[in-house]
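None of these values were measured; they are calculated from a predicted model.
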Amino acid sequence: MLSFVLTLKRLLSGLRHSFKKHHFQVLIFLIAATLLSGTLFYVKVEHLPWLDALYFCVVTLTTVGHPEFVPQTSLGKVFTMVYVFAGIGLTFGTIFEIAAGIMFPRTGGQRGLRTKDDPTEQEPDKAGN
């Protein structure tokens with residue numbers, strides 16, 4: 001139980017650090033829009049209940065897979081192929097940013113990379129010092 005609590009604390013800390021970055025907020029919005037569009041599609045076209053459609057979208061985008069459901073219509077199969085290619089990148093990008101927030105919390109998840117305009121990077125003077 002203690003291990004679970006400590007892991008949950010690290011996850012929440014990583015989320016807090018990640019949410020400070022604008023591109024992470026955009027990723028979360030895109031993931032939500034992707035899940036909503038997929039859920040709506042499977043409810044309307046494949047006639048799944050709302051919860052089952054959302055569940056199918058989540059397990060598909062995390063590459064877990066659903067053991068019993070396979071789209072029945074041709075449109076559903078084509079949509080799922082496109083949905084997987086579009087959504088998996090977003091999902092793994094989001095997971096990567098959360099992991100960076102956990103592993104590098106003091107740098108804001110920047111993984112130690114410096115930009116050209118980084119004020120901590122001092123240029124050498126003309127003597128090379």
Side-chain angles (χ1 to χ4, degrees):
M1 182 66 177
L2 179 62
S3 176
F4 173 74
V5 171
L6 293 174
T7 301
L8 183 61
K9 180 182 174 194
R10 288 183 67 197
L11 175 64
L12 294 175
S13 173
L15 281 169
R16 189 187 62 198
H17 290 293
S18 297
F19 264 109
K20 294 176 184 175
K21 297 183 284 185
H22 178 70
H23 69 276
F24 182 76
Q25 295 169 6
V26 171
L27 274 173
I28 292 296
F29 173 79
L30 291 173
I31 287 287
T34 302
L35 289 173
L36 179 63
S37 65
T39 301
L40 290 172
F41 178 84
Y42 293 116
V43 165
K44 297 295 180 190
V45 175
E46 297 291 331
H47 307 292
L48 289 177
W50 284 93
L51 186 58
D52 290 344
L54 177 61
Y55 177 76
F56 178 73
C57 290
V58 170
V59 299
T60 298
L61 293 184
T62 56
T63 69
V64 173
H66 194 282
E68 297 175 12
F69 176 73
V70 177
Q72 301 300 310
T73 64
S74 295
L75 179 61
K77 291 175 183 177
V78 170
F79 176 82
T80 302
M81 288 186 282
V82 173
Y83 186 73
V84 165
F85 280 109
I88 286 178
L90 290 172
T91 303
F92 287 155
T94 303
I95 292 168
F96 174 80
E97 290 298 329
I98 294 170
I102 292 170
M103 294 171 53
F104 307 104
R106 294 189 187 2
T107 61
Q110 294 298 317
R111 299 172 296 282
L113 301 177
R114 295 185 180 194
T115 62
K116 185 178 178 182
D117 299 327
D118 189 352
T120 61
E121 185 73 27
Q122 295 185 6
E123 295 182 28
D125 59 11
K126 294 191 182 205
N129 297 325

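Hydrophobic cluster of Met81: the remaining members, joined at side-chain heavy-atom separations below 4.5 Å, are Val78, listed by chain and number. As a member of the Ile/Leu/Val/Met/Phe/Trp/Tyr network built from side-chain separations under 4.5 Å, Val84 groups with Ile88, Phe92, Ile95. Listed by chain and number, the hydrophobic cluster partners of Val64 are Tyr55, Val59, where partners are ILVMFWY side chains within reach of under 4.5 Å, directly or through others.
In terms of heavy-atom proximity, Pro71 sits nearest to Gly76 at CB-C, 3.7 Å. Contact detail for Gly101 and Ser18: the closest heavy-atom pair is CA-OG, 3.9 Å.
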Please output the side-chain donor-acceptor pairs of residues 27-41 that fall under 3.5 Å, not counting sequence neighbours, one pair per line with the distance.
residue : atom : partner : partner atom : Å
Thr34   : OG1  : Leu30   : O            : 2.7
Ser37   : OG   : Ala33   : O            : 3.2
Ser37   : OG   : Thr34   : O            : 3.0
Thr39   : OG1  : Leu35   : O            : 2.7

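Residues Ile98 and Phe19 fall within the same hydrophobic cluster, defined by Ile, Leu, Val, Met, Phe, Trp and Tyr side chains chained together at heavy-atom separations under 4.5 Å. By the criterion of side-chain heavy atoms lying less than 4.5 angstrom apart, applied directly or through intervening Ile, Leu, Val, Met, Phe, Trp or Tyr residues, Leu75 is not grouped with Phe85; the two fall into different hydrophobic clusters. Residues Leu90 and Val58 share a single hydrophobic cluster, defined by chaining ILVMFWY side chains whose heavy atoms lie under 4.5 Å apart. Placement of Ile102 and Phe4 within a single hydrophobic cluster is found when ILVMFWY residues are connected by side-chain heavy-atom separations under 4.5 Å, directly or transitively.
Residue pairs meeting the side-chain hydrogen bond (donor to acceptor under 3.5 Å, both in side chains) criterion with at least one partner in residues 72-95, sequence neighbours excluded, are Tyr42-Thr80, Glu46-Thr73.
Distance check: Glu68 CD to Phe56 CZ gives 12.5 Å after rounding to the nearest 0.5 Å.
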Notebook entry, point to check: Please walk me through it: do Leu8 and Leu12 pass side chain to side chain contact (heavy atoms under 4.5 Å, CB included)?
Noted result: CA-CA 6 Å; Leu8 183 61; Leu12 294 175; 4.2 Å; yes
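With sequence neighbours left out, the side-chain contact (heavy atoms from CB on, under 4.5 Å) criterion links Ser13 to Arg16, His17.
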